[in-house]
Amino acid sequence: MSTHSNHPFHLVDYSPWPLTGAIGALTMVSGLVKWFHQYDNSLFILGNVITLLTMYQWWRDISREGTFQGLHTFNVTLGLRWGMILFIVSEIFFFVSFFWAFFHSSLSPTVELGSMWPPMGILIFNPFQVPLLNTAILLTSGVTVTWAHHGLMENNHSQTLQGLFFTIILGVYFTILQAYEYMEASFSIADAVYGSTFYMATGFHGLHVLIGTTFLAVCLFRHMKNHFSNSHHFGFEAAAWYWHFVDVVWLFLYVSIYWWGS
């Protein structure tokens, strides 16, 4: 790290983690291709291991810089905030593409689909069963993460701990129910454009729930180590912003795909 800290920006050390992260991502995607074609997931597992090790060590370094080395000054944190905001905006447009595909196909179904939506032969989920329960779970998790944030702002350590813990539990519960729903589904990703858009949208949302849950779990661990204060906790704020984004996307998914699309 640069020994001169009288500047309003963050100069990082040379780090191997971007390189190992790229290697892990390449190995993971190559492993997916190998798994699809040769039914061998060993390379995919190796890619996951490399990526997970990179994540752990990279996040460790960032936590050390922001907490013990005091490098995340006000100006640095401001830049991080804008970076997180722009990242969430990019994620919004990522999901817009799935909604666009869904509405493009559903508002004017072609003859190949039987000129109807859902397409002929597709047995859809009842939106008032598991999907509605998942909606209640995510909305509740939004309340608990906000509760944790308010506890942090008031220097209430136990309230923040409890709020984060319950949010993580709800995120894991949501993921379990989503997996159960997939196992019980009567259609697959190969069943017309409905199956493709349904699994792409809900599947990527499920991936974002897993990422958000991991994000919050890291925050819980850091909170237990007293890394956050009421004036210096951007890592927690970024996780909370991301989780609220996941909540809002699910509301749009539920209303458009599960309820209106059925």
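Computed over heavy atoms, backbone and side chain alike; hydrogens, waters and symmetry mates excluded.
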Handout entry: Residue that, paired with W243, satisfies side chain to side chain contact (heavy atoms under 4.5 Å, CB included) out of T144, T213, V248
Key = T213

Exercise for the section: For Q57 and L53, indicate whether the former's side chain and the latter's backbone hold a donor-acceptor pair under 3.5 Å. Expected result: yes

Handout entry: Residue pair W17 / T20, side-chain heavy-atom distance below 4.5 Å
Key = yes

Handout entry: Separation between CZ of F99 and CZ of F94, rounded to the nearest 0.5 Å
Key = 11.5 Å

Problem - Rounded distance (nearest 0.5 Å) linking atom CZ of F228 with atom OG1 of T160 - result: 10.0 Å

Exercise for the section: Please say whether more than 12 non-hydrogen atoms of neighbouring residues, nucleotides or ligands are located less than 6.0 Å from OH in Y182. Expected result: yes

Problem - S90 side chain near F87 side chain, heavy-atom distance below 4.5 Å - result: yes

Completion exercise
All heavy atoms of Y199 vs all of S188, minimum pair found to be CE1-C, 3.4 Å

Practice task
Return yes when atom NE2 of H104 has more than 12 non-hydrogen atoms of other residues, nucleotides or ligands closer than 6.0 Å, and no otherwise.
Solution key: no

Exercise for the section: Could you tell me whether the side chain of F252 reaches within less than 4.5 Å of the side chain of F95, counting heavy atoms only? Expected result: no

Fill in the blank from the handout: All heavy atoms of G142 vs all of D247, minimum pair found to be CA-OD2, 3.3 Å

Practice task
Flag the pair W241 / I85 as yes when at least one side-chain heavy-atom distance between them is below 4.5 Å, and no otherwise.
Solution key: yes

Exercise for the section: Go through the steps for W59 and T214 under the test side chain to side chain contact (heavy atoms under 4.5 Å, CB included), then give the verdict. Expected result: CA-CA 12 Å; W59 293 347; T214 307; 4.1 Å; yes

Handout entry: Distance (rounded to the nearest 0.5 Å) between N230 CG and E154 CD
Key = 10.0 Å

Completion exercise
On a heavy-atom basis, the closest approach of S158 and N156 is OG-OD1, 3.2 Å

Exercise for the section: For residues W260 and F102, determine if any side-chain heavy atom of one lies less than 4.5 Å from a side-chain heavy atom of the other. Expected result: yes

Exercise for the section: Taking atom types as modelled, find out whether Q159 and Q162 have a side-chain donor-acceptor pair closer than 3.5 angstrom. Expected result: no

Handout entry: Gap between atom CH2 of W117 and atom OG of S108 - 0.5 Å precision
Key = 11.0 Å

Problem - Which atom of L170 lies closest to which atom of I137, heavy atoms considered - result: O-CG2, 3.4 Å

Handout entry: Validation row: T67, R222 side chains within 4.5 angstrom (heavy atoms)
Key = yes

Exercise for the section: Please name the residue in the list W250, Y254, W259 that meets the side chain to side chain donor-acceptor pair (under 3.5 Å) test with T135. Expected result: W250

Handout entry: Matching residue for H233 among H227, H223, H149 - test: ring pair (Phe, Tyr, Trp, His ring centres under 6.0 Å)
Key = H149

Exercise for the section: Verify whether one side chain among Y173 and S141 offers a donor that lies under 3.5 Å from an acceptor in the other. Expected result: no

Practice task
Determine whether I92 and F98 fall in the same hydrophobic cluster, where Ile, Leu, Val, Met, Phe, Trp and Tyr are linked whenever their side-chain heavy atoms lie under 4.5 Å apart.
Solution key: yes

Exercise for the section: Establish whether M224 and I62 are linked, either directly or via other cluster members, by ILVMFWY side-chain heavy-atom contacts under 4.5 Å. Expected result: no

Exercise for the section: State, yes or no, whether a side-chain contact exists between H205 and V209 at a heavy-atom distance under 4.5 Å. Expected result: yes

Practice task
State plainly whether one hydrophobic cluster holds both I257 and L107, where clusters connect Ile, Leu, Val, Met, Phe, Trp and Tyr through side-chain heavy atoms under 4.5 angstrom apart.
Solution key: yes

Handout entry: Spacing of OG1 belonging to T167 relative to CG belonging to L138, to within rounding of 0.5 Å
Key = 11.0 Å

Practice task
Treat each ILVMFWY residue as a node, draw an edge where side-chain heavy atoms are under 4.5 Å apart, and state whether V143 and L251 are in one component.
Solution key: no

Exercise for the section: Describe, in one word, how the ring planes of F198 and Y258 are oriented to each other, choosing from parallel (under 30°), tilted (30 to 60°) and perpendicular (over 60°). Expected result: perpendicular

Problem - D61 side chain vs W58 backbone, donor-acceptor pair below 3.5 Å - result: no

Practice task
Is it possible for you to say whether L253 and F128 belong to one hydrophobic cluster, with membership spreading through side-chain heavy-atom contacts below 4.5 Å?
Solution key: yes

Exercise for the section: Assess whether ring-ring contact (aromatic ring centres under 6.0 Å, His included) is satisfied between F125 and F187, documenting all intermediate values. Expected result: CA-CA 10 Å; F125 293 104; F187 58 92; 5.8 Å; yes

Handout entry: Greater than 12 external heavy atoms within 6.0 Å of F245's CZ
Key = yes

Exercise for the section: Check the surroundings of atom CG in L86: do more than 12 heavy atoms from other residues, nucleotides or ligands lie under 6.0 Å from it? Expected result: yes

Practice task
Could you pull out the closest heavy-atom pair between L177 and L133, with the gap in Å?
Solution key: CD1-CD2, 3.6 Å

Handout entry: Straight-line distance of L26 CG to T51 OG1, nearest 0.5 Å
Key = 10.0 Å

Handout entry: Considering all heavy atoms, the nearest M84-F234 contact
Key = CB-CZ, 3.9 Å

Problem - Sub-4.5 Å side-chain heavy-atom contact between H72 and L80 - result: yes

